[in-house]
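Following: one structure in structure tokens, then a few remarks.
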Amino acid sequence: MCNTISIESEKGFFSDAINAVKARTADLALKYFIETYGCQMNEHDSEKLAGMLRECGYTKAETKKDADLILFNTCCVREHAEKRTFGNVGFVKELKAENPRLILGVCGCMMQQKDVAKRLFDRFPFVDLVFGTHELKNFPEMLLKALEEKRVFQISESDGEVIEGLPVERVEGFSTFVNIMYGCNNFCTYCIVPYVRGRERSRKAEDIVNEVREVVSSGYKEITLLGQNVNSYSSDGLDFPALLRLVCREVPELKRLRFMTSHPKDLSDGLIQAMSELDNLCKHIHLPVQSGSDRILKAMNRKYTSGAYLELVDKLRSAVANVEITTDIIVGFPGETDEDFEATCELVRRVGYSNAYTFAYSPRGGTIAARMENQIPEDEKKRRLNTLNAVLAETIPSNNDKYIGFEGEILVEGVDHRGDPLLFGKLSNFKMVYVEGDEKLIGTFVPVKVDGYRFNSLFGHIIDG
Ligand code: 5AD
Ligand code: SF4
């Protein structure tokens, strides 16, 4: 059972620190700038940091130059994250010379790797604050210390708790995120996430429903429930499909409920049934396959075969009308042969994804795969990535023919000004549709009919609802 800490019931340490920051910074009109790298989980953490800063009296700066506090919320999941972060942090030194009251903080997944965090803290003496992923609730207290000109380095090894009641400053718009769980227990051999985000812990359903209700009443029209593996959600006897049913029942005014990410090994018949039955649950699933080779899937510790994955895809397609599937794929995992790679291309052709995020395998310190023999040379990984992207460039559009004449509803997100201005928005199944129309429609649901497509986007016109 995980430990839930409520900021409400433990107001002391939290609000005392906020009040102390406020008292210290009153009349200074301080501004903050947060630069976020990586996934939605990090973006949402940044919204919580922004929420705490709002409570402390800070407002948002338009640029780093205008800021009195700059926070880098880092990611370490892929590629040259470390080099890039060190470069970006180094660059801020100049701004510190211009604004002596500027505080610089670095947080997020990369800082949960203690050796990397220590190296950064030692290399850049002008960095005031370094903290890990489990320290969000202590942020006001750490900020206070930084304002007192103390350097702060705070990284706890705990597996993390569930913290309820942190203030959130959401990015403006119509679509937002709600966490349902934190951490991951899966230890896919290439992945750093379980090491930097701790073990799986689910929020109580009641807290999730209350947050969804609050977010909807403040005007958001679409919510994505977030977790590293939402299919293993479990709290007070409720599993993930039960949670989805509960949210749809308790907050019927929410027209679009999404979720991500789903691990194929845990995708249940119950979820497929919920997707087919609940009108407000979107008909899209992000289902990372990672590889089409059973040998590589085993070495990745994914715990499913390509055959089992394809069976899931078939089940989804036959049960959920118009469902679209997107995925993540890694090429060049240690020991991947041409034959293994060809199996991945074959699976991609067979599934017919509506979109895919493709990555060259990148060794992450501390993971099992980083220590495996037969690492693939960089140029070969690049070649495979290009080949796979070419396969996707062929298969994604060929999946679009079925949309000609299709009628559905989009949530208008904005106007695309490349060429003649066109409104754009997504169907429930995550396909993007472009139509002519009035800007006033932004943020509303609009019925459309599809007339054509280009790569993974559809083009159409507005019809009478
Ligand atoms: N190398 C390349 N891609 C990775 N991913 C995670 N770890 C690595 C790594 N070491 C990809 C996976 C995952 C997505 C979020 O990032 O495809 O699904
Ligand atoms: Fe990483 Fe695997 Fe967990 Fe996803 S399920 S976060 S890939 S360990």
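Each ligand, and each atom within it, is numbered from 1 in the order the structure gives.
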Which word best sums up how the rings of Y403 and F406 line up, parallel for under 30°, tilted for 30 to 60°, or perpendicular for over 60°? perpendicular
F139 and F131: aromatic ring centres closer than 6.0 Å? yes
Per-residue contact class, F187 against ligand 2 - non-hydrogen pairs under 4.0 Å: backbone
Starting from atom 2 (C) of ligand 1, which protein heavy atom do you reach first, and at what distance in Å? A360 O, 3.4 Å
Counting non-hydrogen protein atoms only, what is the nearest one to atom 10 (N) of ligand 1? Give residue, atom name and distance. S362 O, 2.8 Å
Please confirm whether K93 makes a cation-pi placement over F124, using NZ or CZ under 6.0 Å from the six-membered ring centre and within 45° of the ring normal. no
Is K48 salt-bridged to E55, cutoff N-O under 4.0 Å? no
Look at atom 2 (Fe) of ligand 2 and say which protein heavy atom is nearest, naming residue and atom and giving the distance to 0.1 Å. C188 SG, 2.3 Å
Does the pair E311/R317 count as a salt bridge with the N-to-O cut at 4.0 Å? no
Using a strict 4.0 Å cut-off to heavy atoms of P194, name the atoms of ligand 2 that fall inside it. 8 (S)
Quick look: V77 vs ligand 1, heavy-atom contacts under 4.0 Å, and the answer is both
Counting from 1, what ligand 2 atoms have a heavy atom of H263 closer than 4.0 Å? 5 (S)
Considering non-hydrogen atoms of the protein only, which is the closest contact for atom 3 (Fe) of ligand 2, and what is the distance? C184 SG, 2.3 Å
For atom NZ of K60, decide whether the heavy atoms of other residues, nucleotides or ligands shown that lie under 6.0 angstrom number more than 12. no
Backbone, side chain, both or neither: what part of R302 comes under 4.0 angstrom of ligand 2, heavy atoms only? side chain
When you look for heavy atoms under 4.0 Å from ligand 2, do you find them on the side chain of P288, its backbone, both, or neither? neither
Whether D279 and K255 form a salt bridge (side-chain N of Lys/Arg under 4.0 Å from carboxylate O of Asp/Glu) is what I want to check. no
Answer with side chain, backbone, both or neither: which part of C188 has a heavy atom less than 4.0 angstrom from an atom of ligand 1? neither
Selected option - heavy-atom contact closest to atom 18 (O) of ligand 1, from D328, T189, V331, T367: D328
Of the backbone atoms (N, CA, C, O) and the side-chain heavy atoms from C-beta on, which set of N229 has a member under 4.0 Å from an atom of ligand 2: side chain, backbone, both, or neither? neither
What protein heavy atom sits nearest atom 7 (S) of ligand 2, and how far away is it? Y190 OH, 3.3 Å
May I ask you to check whether over 12 heavy atoms, not counting those of E277, lie within 6.0 Å of atom CD? yes
What atoms of ligand 1 come within less than 4.0 Å of a heavy atom belonging to Q290? 12 (C), 13 (C), 17 (O), 18 (O)
N186 neighbourhood, listing ligand 2 atoms whose heavy-atom distance to it stays under 4.0 Å: 5 (S)
Using the ring of each side chain (for Trp, its six-membered ring), is F459 parallel, tilted or perpendicular to Y434, with breaks at 30° and 60°? parallel
Under 4.0 Å between a Lys/Arg side-chain N and an Asp/Glu carboxylate O for E222 and K426? no
What protein heavy atom lies closest to atom 15 (C) of ligand 1? Include the residue and the distance to one decimal. R78 NH1, 3.5 Å
Could you list which atoms of ligand 1 come closer than 4.0 Å to a heavy atom of R364? 10 (N)
Is the number of heavy atoms from other residues, nucleotides or ligands under 6.0 Å of F126 CZ greater than 12? yes
M110 and its side chain to side chain contact (heavy atoms under 4.5 Å, CB included) partner, picked from T74, L120, N73: T74
In this structure, which one of D340, D379, D338 forms a salt bridge (charged side-chain N to carboxylate O under 4.0 Å, His left out) with R384? D338
Nearest-neighbour protein heavy atom for atom 1 (Fe) of ligand 2, which is reported as residue plus atom name and distance: C191 SG, 2.3 Å
Is R151 close enough and on-axis enough to F121, meaning under 6.0 Å and within 45°, for cation-pi? yes
Atoms in ligand 2 flagged as close to V193, the criterion being non-hydrogen separation under 4.0 Å: 6 (S)
Which segment of Y190 sits under 4.0 Å of ligand 1 when only heavy atoms are counted: both
Distance under 4.0 Å to a non-hydrogen atom of I330: what atoms of ligand 1 satisfy this? 3 (N), 4 (C), 5 (N), 12 (C), 17 (O)
Would you say R197 touches ligand 2, if touching means a heavy atom closer than 4.0 Å? no
